[in-house]
Number of protein chains: 2
Amino acid sequence: MPFTRLEIAVLGLVDGELQVLLARRAEAPHAGKWALPGGVLRIDVDASLDAAAQRVMRERLGLELPFLRQLCAAGGPTRDPRAPWALSIVYRALVPAENVKPSAGKRIEALAWRPVGDAIADKSLAFDHSQLVSQAVESTRAEVERLDLPARFLPDQFTLGELQSTCEQLLGRRLDKSSFRRKLADRQVVEPVEGLMRTGANRPAQIYRLHAR
Amino acid sequence: MPFTRLEIAVLGLVDGELQVLLARRAEAPHAGKWALPGGVLRIDVDASLDAAAQRVMRERLGLELPFLRQLCAAGGPTRDPRAPWALSIVYRALVPAENVKPSAGKRIEALAWRPVGDAIADKSLAFDHSQLVSQAVESTRAEVERLDLPARFLPDQFTLGELQSTCEQLLGRRLDKSSFRRKLADRQVVEPVEGLMRTGANRPAQIYRLHAR
DNA sequence: GGTGTTAGTTGCAAAGTCCAACGAAGTGTT
DNA sequence: AACACTTCGTTGGACTTTGCAACTAACACC
């Protein structure tokens with residue numbers, strides 16, 4: 001039976017760019033190298049794969065996040081020198097990065113946000129993790145393109161301007177304001193929080209939240 | 001480390017309906033019950049998860065199919081009575097059902113095509129397999145909706161009429177001929193096989209194949 | 001030659017999308 | 001108080017895509 005781990009690709013917008021949270025490994029193999037935070041499946045405590053991913057995120061990053069999503073599984077005999085056959089289940093989390101402060105947990109020396117382009121191109125990442133990051137980014141971009149849950153990158157409440165700007169940063173291109181709003185309205189993605197406005201230096205903006213469904 | 005299996009959801013159009021290939025189990029647990037064909041991961045021979053899925057399909061069904069796709073992984077302590085913690089990696093295959101004759105292999109008593117609706121509703125399927133079928137169907141329908149690879153359900157060569165009718169059966173609604181063809185042309189999904197026509201009782205039709213890309 | 005059936009194209013109206021401009025509602029400046 | 005400035009939110013119109021129906025084409029069969 002294979003040596004089984006969970007790896008978590010935490011994505012967030014930091015400095016106006018899509019970045020991934022990497023951990024510097026404290027122990028062999030690949031000690032000192034950067035890798036996705038992850039941990040070993042524990043069949044004595046984990047009630048499911050989703051629960052295991054939550055536990056790993058709690059132990060390694062000190063985070064409790066609701067929207068984890070299973071991305072894929074990778075397996076093979078040469079992935080990890082500790083075992084003759086290593087299997088990783090990869091999860092993805094989306095976070096409003098400014099509001100979430102992960103802290104380095106067990107077996108992690110340091111944590112850092114890295115722009116996804118760098119991480120994918122960086123051949124010095126441990127294991128096959130640069131490829132896993134690539135998959136996480138690809139599937140996330142596809143979801144944003146369909147206007148599925150881009151709001152997970154934002155706090156609970158936000159204005160449509162913030163949401164649109166978030167999507168533009170994720171996709172790397174400008175979007176049209178009127179069609180963007182029409183689509184949101186059609187698909188009932190968000191709903192206004194009655195009476196709440198974001199005030200500032202200019203005209204106040206209506207505050208929205210994810211639609212209940 | 002968990003007891004790890006691969007399960008294969010083979011989907012095909014049979015009798016004008018989307019059906020899934022089920023196997024009656026020869027051995028415990030769930031002997032005599034219907035389940036997705038599957039097998040245990042063998043870390044001594046499998047070079048990757050994809051290769052393992054191919055091997056299982058060869059051993060259990062006698063099939064060699066090119067387009068397997070990993071769908072998801074499911075794991076937990078109560079999924080399989082043989083082990084304290086069972087993990088399954090689920091693969092999906094699409095086949096031109098009329099041309100492919102799977103044969104019951106190791107540890108399988110019988111094979112049968114079942115309409116996917118039946119299989120999803122049937123609570124007597126072994127393990128959590130009716131749920132896995134549901135996921136396979138859902139993701140497949142979504143891909144057909146985007147006109148990704150609906151041609152995998154067909155032989156190498158086909159007419160546009162056959163392809164359209166296939167999509168209509170999969171989606172359960174009629175499609176417009178002109179816009180269907182416009183989309184195929186735009187996205188360069190298929191290409192004509194010059195000079196080859198399907199003849200029959202009526203006007204001959206141009207034969208197409210998947211575009212090389 | 002006429003009829004029936006499927007293949008493939010064309011024309012057009014309706015719907016949707018993209019782009020730019022506009023009025024609205026605030027703050028800060030003069 | 002008047003004005004400039006910025007962002008919010010909507011509107012109008014050109015353009016593109018889609019959906020529907022009609023039309024021609026090419027065969028078999030009678």
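Order of the sequence lines sets the chain letters (A, B, ...), proteins ahead of strands, with each chain counted from 1.
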Pairs under 3.5 angstrom only: tabulate donor-acceptor contacts from the side chains of residues 17-25 of chain A to other protein residues two or more places apart or in another chain.
residue	atom	partner	partner atom	Å
A:Gln19	OE1	A:Arg114	N	3.4
A:Gln19	NE2	A:Val14	O	3.1
A:Arg24	NE	A:Glu109	OE1	3.0
A:Arg25	NE	A:Pro29	O	2.8
A:Arg25	NH2	A:Pro29	O	3.3

* Using the side-chain contact (heavy atoms from CB on, under 4.5 Å) rule, take A:Thr166 and A:Leu154 through it: C-alpha gap first, then chi angles, then the decisive distance, then the call. => CA-CA 8 Å; A:Thr166 296; A:Leu154 289 170; 3.5 Å; yes
* Asked: Between B:Met197 and A:Lys183, who's closer to the 5' end of DNA chain C by nearest nucleotide?
  -> B:Met197
* To do: Would you jot down, in residue-number order, the residues of residues 157-174 of chain B having a non-hydrogen atom under 4.0 Å from DNA chain D?
  => none
* Bounds of contact between DNA chain D and chain B, in 5' to 3' order, using a heavy-atom cut-off under 4.0 Å -> D:dT18 to D:dA28
* To do: Give a yes or no on whether a salt bridge exists between A:Glu59 and A:Arg55, defined as a side-chain N under 4.0 angstrom from a carboxylate O.
  => yes
* Asked: Should A:Arg69 and A:Glu143 count as an ion pair when the cut-off is N to O under 4.0 Å?
  -> yes
* Kindly indicate, with the supporting measurements, whether the criterion side chain to side chain donor-acceptor pair (under 3.5 Å) is fulfilled by B:Asp176 and B:Ser178. => CA-CA 6 Å; B:Asp176 175 63; B:Ser178 57; 2.8 Å; yes
* Mind running side-chain contact (heavy atoms from CB on, under 4.5 Å) on B:Phe127 and B:His30 for me, showing each step along the way? => CA-CA 8 Å; B:Phe127 311 105; B:His30 297 293; 3.6 Å; yes
* To do: Inspect the surroundings of CD in A:Gln157 and state if more than 12 heavy atoms from other residues, nucleotides or ligands are less than 6.0 Å away.
  => yes
* Structure fact -> Heavy-atom contacts, protein to nucleotides 19-30 of chain C, under 4.0 Å, summarised as B (base), S (sugar-phosphate only) or - (none) per nt, yield B---BBBBS---
* Set of residues satisfying side-chain hydrogen bond (donor to acceptor under 3.5 Å, both in side chains) with respect to A:Arg5, sequence neighbours excluded -> A:Glu7
* Would you tell me whether A:Ser124 and A:Asp122 have side-chain atoms, one donor and one acceptor, within less than 3.5 Å of each other? => yes
* Which residue pairs pass the salt bridge (Lys or Arg N to Asp or Glu O under 4.0 Å) test with at least one member in residues 158-171 of chain B, sequence neighbours excluded? -> B:Glu162-B:Arg198, B:Glu168-B:Arg174
